[in-house]
Amino acid sequence: MYRTHTCGQLRVEHAGQETLLSGWVHRRRDHGPLIFIDLRDRYGLTQVVFDSTNAPEAHAVASQARSEFVLQLRGLVRTRPPESQNANLPTGEIEVVASSAEVLNPAKTPPLYIAKEGGEDEALRLKYRYLDLRRERMQKNLILRHKVVKFIRDFLDDESFLEIETPILIKSTPEGARDYLVPSRVHPGEFYALPQSPQQLKQLLMVAGYDRYFQIARCFRDEDLRADRQPEFTQLDLEMSFVDQEDVLTLIERLFTELSRELMPHKRLTTPWPRLTYAEAMQRYGSDKPDLRYGMELVDLSATVATSQFALFGEAAANGQQVKGIRVPGIGGYSRKQVDEVVELAKQAGARGLLWASLQQGTDPASVRSSFGKQVSNDEMAAIIATMGGKIDDMLLIVADKPSAAAAVLDKLRREMAARLGMADQNVLAWAWVTDFPLVEFNEEEGRWDAVHHPFTAPLDEDLVLMDSDPGRCRAKAYDMILNGYEAGGGSIRIFQREVQQKLFDLLGISRETAQAQFGHMLEAFEYGAPPHGGIAPGIDRIVMILAEEPTIREVMAFPKTQQAVDLMTNAPSPADERQLRDLHIRVADKPNT
RNA sequence: GGAGCCGGGGUGUAGUGGUCAAACAUGGAACCCUGUCAAGGUUCAGAGCGCGGGUUCGAAUCCCGUCGGCUCCGCCA
């Protein structure tokens with residue numbers, strides 16, 4: 001036996017009991033004849049006292065112990081003298097007086113401090129992840145993650161959902177993200193793909209009659225990484241039969257509202273969740289995943305400046321462009337250098353330029369310091385200020401560009417300014433729905449229509465006719481759940497009628513042969529009685545990241561990869577040996593020079 | 001594929017052309033110390049500044065290239 005209690009367990013009521021503890025040396029305070037060791041495991045810290053007069057052998061062990069040694073000790077629990085109790089520790093009212101002790105395993109000086117977090121290069125944390133994971137921050141996050149997944153499982157179980165596993169080795173489909181491929185040994189030259197999501201499989205489960213399915217599913221996408229994107233990540237994959245969009249939204253909203261209240265009781269949220277159409281979100285925020293914790297909405301000035309003599313405004317109106325801006329409060333006093341930085345930021349986001357006007361001196365047009373004051377009349381400036389609701393000490397930032405570019409630039413500026421000004425309340429969970437996404441969008445490069453969500457997404461009933469006449473305006477029964485400026489999940493009601501599916505394939509330029517080769521199993525399945533169905537896939541990593549107030553998804557994953565998709569701990573990926581390659585019928589064409 | 005930031009004892013930083021064969025803190029070693037909880041005190045050891053070129057009388061410091069980490073754009077149905 002190694003322990004009778006954990007290091008987070010003992011309290012005053014245990015005083016007088018004999019205890020056996022095992023754990024890591026968190027801190028050691030050596031007073032010579034008296035040594036204190038804080039023994040740590042994932043349950044907490046317990047102070048152990050080693051007294052050279054009462055237990056010289058145990059004391060000798062303690063004097064040899066160092067940080068992160070694994071120790072086992074036996075001793076008596078006792079209430080600490082009142083003046084030496086530690087209110088900061090749950091176990092702070094007691095201590096264990098060691099009678100015997102043993103070093104189960106010594107430890108080298110660790111490259112990371114376990115007791116003191118932060119500061120070091122993240123590469124070091126990733127290389128020694130098993131040490132990093134000992135720290136409170138990662139422990140807290142992984143425990144929260146466990147609780148989130150547990151809550152989801154319990155909730156869905158209560159709602160009659162079945163958790164069903166789907167294969168990791170599946171058929172590659174060409175659309176969407178780049179697949180991770182796995183070579184087949186048995187079939188030379190052929191490959192499995194790892195699922196980008198179990199999309200088709202869950203739809204086939206609906207055909208199979210498992211009308212309420214979910215899975216905590218690992219997904220794989222071979223694309224470049226971001227703070228909120230890893231090559232493998234986890235989704236709550238969920239699908240329901242005999243439902244419309246409202247049924248899915250209602251259930252998921254209830255799940256995550258209850259989850260938020262249960263696990264994050266100190267955070268506020270708005271119920272019912274706000275709903276925005278895609279068009280509305282783009283118009284008001286320039287983003288399909290706006291952070292609703294603050295305002296600073298985009299203002300459309302196109303009408304205000306439609307008749308302006310200022311060439312930039314006039315041309316915009318003539319070319320079907322938009323003039324839009326945001327009002328940033330409190331930065332009217334920005335120096336020329338600071339303003340230039342903001343302009344530079346806008347250019348990085350794709351702006352050709354950025355107009356600005358400082359209301360540091362107030363809203364009288366004559367007192368406004370701006371980049372375009374000489375180009376417009378006082379009346380025009382006054383109209384712009386009025387339309388944007390300008391107040392003293394504001395900075396107005398304005399772009400004139402095609403709608404997509406204006407949206408991208410103002411979204412970037414809105415987020416950057418909100419971050420600088422600390423406008424987002426950390427104690428708010430701004431859940432919301434974005435609905436009515438376009439069904440397809442035109443791919444300029446390839447000269448064809450692409451599915452915005454995926455090729456099984458149903459169009460809105462009333463927009464069905466647009467699939468022929470004006471596909472770009474055809475809306476879909478597709479929806480995203482958003483949270484604090486992140487896409488927390490997305491889903492749709494699927495097409496379950498063969499004719500509509502064929503119509504969409506035709507629109508996407510997928511020939512019957514191609515459709516048969518790629519989706520034949522789906523099309524065939526749908527001919528055997530497919531129920532109306534739809535679903536959603538919330539991203540577990542992102543949601544936990546936001547709940548934990550962490551800046552990256554890596555902080556809520558046990559063993560994440562770097563931006564180059566490398567695991568610094570195991571050094572994956574690594575070359576395969578010749579024997580393995582031969583078995584897999586693979587020859588490496590471009591070997592790096594080593 | 002592109003842009004930006006970072007890279008120095010075990011760890012985190014100061015140092016932005018000579019005063020630096022590199023300072024401070026923490027960690028490490030040794031000793032002192034019976035109530036600490038970031039314990040305290042004394043002493044000692046520990047890096048030539050990611051790597052490779054270049055500029056200069058002189059380079060952690062400037063320039064070029066390269067490698068690694070991060071952030072962002074492209075990409076992510």
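In this text the structure is predicted, and so the values were computed from the model without any measurement. Lettering follows sequence order; numbering is per chain, from 1.
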[atom1]-based separation of [M] from [N] [nearest Å]:
N	M	atom1	value
B/C57	B/C44	C1'	38 Å
B/G58	B/G12	C1'	30 Å
B/G18	B/A59	C1'	10 Å
B/G8	B/A3	P	24 Å
B/G9	B/A22	P	14 Å
B/C33	B/A14	C1'	33 Å
B/U66	B/A60	P	23 Å
B/G15	B/C76	C1'	43 Å

Under-4.0 Å side-chain N/O to phosphate OP1/OP2 contact, [X] with [N]:
X	N	value
A/Gln563	B/U71	yes
A/Arg27	B/A39	yes
A/Arg29	B/A39	yes
A/Arg226	B/C73	yes
A/Arg415	B/C72	no
A/Thr562	B/G69	yes
A/Arg554	B/U71	yes

- Compare the aromatic ring of A/His31 with the six-membered base ring of B/G40 and state whether they stack according to the 5.5 Å and 30° rule.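 A/His31 vs B/G40: stacking no.
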Nucleotide opposite [N] in a Watson-Crick or G-U pair, distances under 3.5 Å:
N	result
B/G58	none
B/U42	B/A30
B/C51	B/G65

- Determine yes or no for a side-chain-to-main-chain donor-acceptor pair under 3.5 angstrom, with A/Arg74 supplying the side chain and A/Ser99 the backbone.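 Here the side-chain-to-backbone pair does not exist.
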- Query: Could one point to a donor on the side chain of A/Arg78 or the base of B/G35 with an acceptor on the other under 3.5 Å away?
  - Reply: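 Indeed, a donor on one side and an acceptor on the other fall under 3.5 Å apart.
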- Query: Ignoring hydrogens and angles, does a donor from either the side chain of A/Asp121 or the base of B/G68 sit under 3.5 Å from an acceptor on the other?
  - Reply: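 No, the side chain and the base share no sub-3.5 Å donor-acceptor pair.
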- Nearest non-hydrogen partners of A/Asp288 and A/Met282, listed with the distance: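 Smallest heavy-atom distance, with atoms named: N-SD, 3.6 Å.
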Could you tell me if [Y] and [X] have a donor-acceptor pair between their side chains, going purely by distance under 3.5 Å?
X	Y	value
A/Ser574	A/Asn571	no
A/Gln215	A/Thr166	yes
A/Asp291	A/Tyr285	no
A/Asn141	A/Glu550	yes

- Indicate syn or anti for B/A29, taking the glycosidic torsion and treating anything within 90° of 0 as syn.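 It is anti.
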- Task: Identify whether any heavy atom of A/Ser197 sits under 4.0 Å from a base atom; if not, whether one sits that close to sugar-phosphate; answer base, sugar-phosphate or nothing.
- Result: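 Base contact.
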- Task: Indicate, with a heavy-atom threshold strictly under 4.0 Å, whether A/Leu124 touches base, sugar-phosphate, or nothing.
- Result: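 Sugar-phosphate only.
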